[in-house]
Amino acid sequence: MKLSILDQSPISTNQTANEALQESMNLARIGETLGYSRYWIAEHHAMPGLACSAPEVMLGYIGANTKNIRIGSGAVLLPYYKPYKVAETYHMLSTLFPNRIDVGIGRAPGGPAEATNALSDNYLQHVYKMPDLVNELIKYIDNEGTVLEASPLPLISPDLWMLGTSRKSGDFAAENGLAYSFGQFMSDENGAEIVQQYRQSFKPRKKGQKPYVIMALSVICAETTQKAEEIALSSIVWELQNESMEGNKGVPSVDEAKKILLNLRNQKSIERIKKKMIIGTPNEVKSKILEIQSHVLADEIMIVTITYSPKDKHQSYRLIAEQFIK
């Protein structure tokens with residue numbers, strides 16, 4: 001089974017943004033060494049706990065420090081941008097790093113309302129125009145049906161993906177002949193039903209094209225269940241802080257997380273977050289991933305792992321790779 005990495009470039013409480021971005025580059029290099037198929041980095045705005053507001057900049061840096069792993073955006077928040085400029089940017093990356101670039105497309109704001117207003121005067125209007133924006137981007141990336149070329153034209157075009165967490169995104173991907181990545185780790189929807197509908201409705205954009213699905217999961221793996229559960233506390237508490245608009249402090253250490261949890265009255269919130277995560281030993285994690293993969297019939301599993309310590313994160317990805325990547 002193919003495995004990939006989704007990186008949100010979180011900043012731990014003991015890190016600067018520079019250090020977090022350097023760790024993102026290190027993660028891509030480690031992922032390549034371990035045999036992961038691709039590395040995507042997310043786009044967020046005005047969120048102090050997350051370091052990457054410009055994936056296209058990081059991809060140039062990461063591409064120059066890796067050799068083979070596919071790299072991409074997870075996702076380009078298209079309502080903020082002109083499709084032509086997006087095509088130019090990712091054609092440039094594809095020219096620099098041939099046959100390695102993915103363009104994930106999303107429509108979420110990726111930050112607070114203040115950031116949305118600063119980035120776009122007409123964000124909601126552009127969300128409503130999303131079908132037109134995507135179709136325009138497809139034409140530029142495929143270099144078909146346009147008078148204007150989004151130069152430089154690479155020898156191999158970047159791959160286009162639709163990212164989403166709902167049936168609407170799956171239907172849209174199928175209608176436009178796009179590969180589809182479903183973010184199960186941040187969705188309450190039934191991923192299996194959405195993926196099945198995507199496959200049944202898929203309309204090839206190019207000759208020989210087939211539907212392709214990535215299922216994105218939140219996973220933390222360690223040598224023992226106890227250790228994995230402990231490491232996961234940082235991610236769980238940080239998620240709770242983000243929900244209460246306190247995530248700007250960064251990912252807390254395990255000790256900090258334990259102290260915060262002592263004062264938390266609503267234990268149901270912890271269980272709700274844990275239900276969206278896979279936490280355990282290599283065997284436990286493998287069993288759960290295989291169960292999900294067989295149920296959803298995903299072609300690839302993409303893993304997001306948020307920990308306080310980069311070493312714990314690297315070890316988690318390493319232990320998972322040892323179970324799946326030969």
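One is the number of the first residue; the rest follow in order along the sequence. Side chains are part of it too, since the values below use all heavy atoms of this structure and drop only hydrogens, waters and symmetry mates.
Counted by atom type alone, Q15 and Y308 present zero donor-acceptor pairs between their side chains at under 3.5 Å. In this structure, a donor-acceptor pair under 3.5 Å is absent between the side chains of S37 and E300.
Without hydrogens or angle criteria, S294 side chain to L290 main chain gives a donor-acceptor distance under 3.5 Å. Counting only distance, with no hydrogens or angles, the side chain of T281 and the backbone of E223 share no donor-acceptor pair below 3.5 Å. Under the 3.5 Å distance criterion, the side-chain polar atoms of T305 are matched with a main-chain donor or acceptor of V219. With hydrogens and angles ignored, the 3.5 Å screen pairs no side-chain donor or acceptor of S287 with any backbone N or O of E284. Side chain of Q209 to main chain of G177: a donor-acceptor pair is present (N/O by atom type, distance under 3.5 Å, no hydrogens or angles). Of the possible polar contacts, none joining the Q197 side chain to the D171 backbone as a donor-acceptor pair under 3.5 Å is found. No donor-acceptor distance shorter than 3.5 angstrom exists from the side chain of Y317 to the backbone of D312, with no hydrogens or angles considered. A side-chain donor-acceptor contact under 3.5 Å links R70 to the backbone of I101. Side chain of Y198 to backbone of F172: no donor-acceptor contact under 3.5 angstrom is found. Looking at N190, its side chain does come within 3.5 Å of a backbone N or O of E193 through a donor-acceptor pair.
The pair E136-K82 does not count as a salt bridge, with every side-chain nitrogen at least 4.0 angstrom from each carboxylate oxygen. Between K313 and E23 no salt bridge is recorded (no basic side-chain N to carboxylate O distance below 4.0 Å). Ion pairing between a basic and an acidic side chain is recognised when a charged N comes within 4.0 Å of a carboxylate O; D299 and R199 show such pairing. At a threshold of 4.0 Å, the pair E144-K206 does not count as salt-bridged, since none of the basic side-chain nitrogens sits closer than that to a carboxylate oxygen.
Annotation: the span from H314 atom NE2 to S316 atom OG amounts to 10.5 Å, rounded to 0.5 Å. M58 CE to S53 OG: the interatomic distance, rounded to the nearest 0.5 Å, is 10.5 Å.
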Give the C-alpha distance, both sets of side-chain angles, the deciding distance and a yes or no for side-chain contact (heavy atoms from CB on, under 4.5 Å) between N143 and H91.
CA-CA 11 Å; N143 195 32; H91 275 177; 5.5 Å; no
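When all heavy atoms are compared, the tightest approach of A108 to Y123 is C-OH, 3.2 Å. Listed here is the closest heavy atom pair of P79 and G106: CD-O, 3.6 Å.
Ring geometry for H45 versus Y80: interplanar angle over 60°, hence perpendicular rather than tilted (30 to 60°). Ring planes of F182 and Y180: tilted class, angle from 30 to 60°.
You'll find the side chain of E189 reaches within 4.5 Å of the side chain of I194, heavy atoms only. T66 places none of its side-chain heavy atoms less than 4.5 Å from the side chain of Y39. Contact annotation: the side chain of M302 never approaches that of Y36 to less than 4.5 Å [non-hydrogen atoms, C-beta and beyond].
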